[in-house]
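Written out below as structure tokens is the structure these notes cover.
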Amino acid sequence: MNDIPEVIRTIPLNYYLYFSTALFCIGIIGVLTRRNAIIIFMCIELMLNSVNLLLTAFSSYRSDPNGQIFVFFIMAVAAAEVAVGLAIIVMIYRNVRSTDINILNKLKW
């Protein structure tokens with residue numbers, strides 16, 4: 001317990017759990033209720049960042065750097081996802097003039 005930095009110890013681990021859970025739930029609600037592809041992307045990023053927050057908090061409290069390595073990989077995957085996803089959405093917007101996912105059923109045959 002003495003290896004934990006003072007800044008991290010001032011906030012109990014439960015608060016990180018509650019905050020991360022709240023962020024993840026907001027992200028899930030956003031993905032399930034919104035129809036705009038950009039907002040759905042932002043909600044997915046919110047869920048990924050809530051997981052990153054939780055991994056970082058556990059990593060700091062346990063003094064184990066494995067959680068921070070996972071955070072690095074999650075951030076790399078999220079950056080790749082955003083680059084590819086936004087490029088697809090921009091191209092769809094140029095063709096359809098909308099980012100509504102209900103209109104995007106044209107991707108089917």
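Throughout, numbering of the chain's residues begins at 1 and tracks the sequence.
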With a 4.5 Å limit on heavy-atom distance, are the side chains of [X] and [Y] in contact?
| X | Y | result |
| --- | --- | --- |
| Leu46 | Ile26 | yes |
| Leu17 | Phe58 | yes |
| Ile89 | Ile38 | yes |
| Val51 | Val71 | no |
| Ile44 | Glu81 | yes |
| Gln68 | Leu55 | no |

For the side chain of Asp64 and the backbone of Ser60, is there at least one donor-acceptor N/O pair under 3.5 Å apart? no

Roughly how far, to the nearest 0.5 Å, is the [atom2] atom of [Y] from the [atom1] atom of [X]?
| X | Y | atom1 | atom2 | value |
| --- | --- | --- | --- | --- |
| Ile28 | Ser50 | CD1 | OG | 8.5 Å |
| Cys43 | Leu23 | SG | CG | 11.0 Å |
| Ser20 | Met47 | OG | CE | 12.0 Å |
| Leu53 | Leu48 | CG | CG | 12.5 Å |
| Tyr93 | Asp100 | OH | CG | 12.5 Å |

Would Val31 and Ile88 show up in the same hydrophobic cluster when neighbours are defined by side-chain heavy atoms closer than 4.5 Å?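 Yes, because Val31 and Ile88 connect within a single hydrophobic cluster, where side-chain heavy atoms sit under 4.5 Å apart.
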
With a 4.5 Å cut-off on side-chain heavy-atom distances among I, L, V, M, F, W and Y, is there a chain of contacts connecting Leu32 to Phe24? yes

Nearest non-hydrogen partners of Pro65 and Ser59, listed with the distance: CA-OG, 3.9 Å

Stepwise side-chain contact (heavy atoms from CB on, under 4.5 Å) test for Arg35 and Ile40: CA-CA 7 Å; Arg35 299 290 105 199; Ile40 290 174; 5.7 Å; no

Between Tyr16 and Ile11, does the side-chain contact (heavy atoms from CB on, under 4.5 Å) criterion hold? Intermediate values first, please. CA-CA 8 Å; Tyr16 288 108; Ile11 301 172; 3.9 Å; yes

Quick check on Phe19: does its CZ atom have over 12 non-hydrogen neighbours (other residues, nucleotides or ligands) under 6.0 Å away?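 No.
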
Step-by-step side-chain contact (heavy atoms from CB on, under 4.5 Å) determination, Thr99 to Ile92: CA-CA 7 Å; Thr99 57; Ile92 289 172; over 6 Å; no

